[in-house]
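Hydrogens, waters and symmetry mates play no part in the numbers below; they use all other heavy atoms, side chains included. Both ligands and their constituent atoms are indexed starting at 1 by order of listing. Start at 1 with the first residue, then count along the sequence.
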Amino acid sequence: MRPARVAVLASGSGSNLQALLDAAVGEAPFRITQVVVNRADAFARVRAERAGVAATLVDHTRFAGREPFEAAIDEVLRAAGIEWVCLAGFMRVLTPGFVERWRDRMLNVHPSLLPAFTGLHTHRRVLAAGLKITGCTVHVVRPALDDGPVVVQAAVPVVDGDDEASLAARVLTMEHRAYPLALRLLTSGAAVVDGERVRLTRPVASAPSGLLWPDGAGR
Ligand code: GAR
C-alpha cells in the first residue's frame, strides 16, 4: 500500500514533528510530505528543512481573521495532496469549518489525560492539583478544544520535586512514542474512527511500552 501523505502543523519546537519524521521511514504506512508553521521562528521549520520536507510559513498575523488564515493553510494542504493532518504543538484554535473539512483525518497531541486539563498550562494545573499521575493523549480532532475520539494515551507519573519543566519533559517523551503509534494505527487501517470511538480492526502485534489504545491491548 502506498504510504499516506501527512502534513504536520506546528508553532514551536517541533519535537513531536521530529518524532513523526523519524517514524515515517521504511515500512511505515505514512510519510510527512508537508509542514506548515504559523510563526517564522518556529524551530519546526528547521526540522522540516533538515529532513527535506516542504515547510510553508502561514503567518496568522498577516490575515484578517481565522477563516482566511485557515483557507491559506487549506490551500497548501490541498496543493500538496495531503490525506491526513497532524497538529503538533499548533497553538491556534481552529474554526469548526476547518475541523469539519478534515473530519476523521486530523489528529492532535495534548499533554494531559483528556478529557482532564484541556487548554493551556496543563502541567502547572496538574502540579497545583497535587496529582500523582498525568499523561498525554493523541486524539481525533473535533470542533471543541482538545476534544475528540482518543487514539492512544500514555500515563506518566508526577514525582516529588517536579516543576513544570521536568513534568513537561517526562510527558513529552511519551508524546513522542504515542503520536507515531496513533498515526500508524490509523493510516494502516489497523484502527478506524467509528463515530466518537476509535476501534481496532485487527490485532496489533507490537507497540512501544507504556502506551494504551482503545481496546486496552497496549503493554
Ligand atoms: C507538546 O507538549 C504538545 O502536547 C503541546 O505543545 C507541545 C509542543 O511541543 N500541545 C498543546 O498544548 C496543544 N493543546 P513540540 O513543539 O516540541 O512538539
Side-chain angles (χ1 to χ4, degrees), residues 6-24 30 32 34-51 53 55-58 60 66 70 73 84-96 98-99 102 106-128 131 133-158 162-183 208 210-212:
V6 176
V8 177
L9 275 52
S11 300
S13 147
S15 68
N16 277 289
L17 163 66
Q18 191 66 57
L20 294 173
L21 285 167
D22 293 346
F30 60 88
I32 311 304
Q34 178 71 55
V35 169
V36 175
V37 296
N38 67 306
R39 297 173 52 108
D41 62 353
F43 190 66
R45 194 182 185 183
V46 176
R47 294 184 192 270
E49 281 160 4
R50 281 182 188 161
V53 174
T56 306
L57 170 65
V58 183
H60 61 279
R66 287 198 285 163
E70 292 170 356
I73 293 175
W84 291 83
V85 177
C86 289
L87 307 179
F90 186 67
M91 304 312 257
R92 306 303 301 171
V93 174
L94 297 167
T95 65
F98 185 86
V99 171
W102 290 96
M106 182 155 61
L107 306 181
N108 181 43
V109 63
H110 185 76
S112 76
L113 287 174
L114 291 175
F117 301 101
T118 62
L120 297 175
H121 308 305
T122 314
H123 307 301
R124 189 184 307 171
R125 289 182 287 140
V126 164
L127 290 168
L131 300 191
I133 194 154
T134 183
C136 64
T137 304
V138 181
H139 66 98
V140 179
V141 176
R142 290 288 184 256
L145 184 69
D146 298 325
D147 180 49
V150 170
V151 191
V152 175
Q153 290 187 306
V156 174
V158 181
D162 258 340
D163 57 16
E164 276 185 70
S166 63
L167 186 54
R170 194 175 310 116
V171 171
L172 210 44
T173 303
M174 295 311 285
E175 293 182 43
H176 298 160
R177 297 182 196 171
Y179 217 165
L181 172 65
L183 188 57
L211 303 179
L212 297 166

Do the side chains of [Y] and [X] get nearer than 4.5 Å, heavy atoms only?
X      : Y      : result
Val156 : Cys136 : no
Leu120 : Met91  : yes
Asn108 : Thr137 : no

Checking the side chain of Arg66 only, and the main-chain atoms of Val93 only, is there a donor and an acceptor separated by less than 3.5 Å?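 Confirmed, Arg66 side chain pairs with Val93 backbone.
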Tell me if a side-chain donor or acceptor on Arg45 pairs with a main-chain N or O of Ala40 at a distance below 3.5 Å.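 Yes, Arg45 side chain to Ala40 backbone: donor-acceptor pair under 3.5 Å.
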Who pairs with Arg125 by salt bridge (charged side-chain N to carboxylate O under 4.0 Å, His left out), at least two apart in sequence or on another chain?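 Result, salt bridge (charged side-chain N to carboxylate O under 4.0 Å, His left out) vs Arg125: none returned.
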Heavy-atom cut-off of under 4.0 Å around ligand 1: list whichever protein residues fall inside it, by chain and number.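 Residues within 4.0 Å of ligand 1: Ser13, Gly14, Ser15, Asn16, Gly89, Met91, Val109, His110, Pro111, Asp146, Leu172, Glu175.
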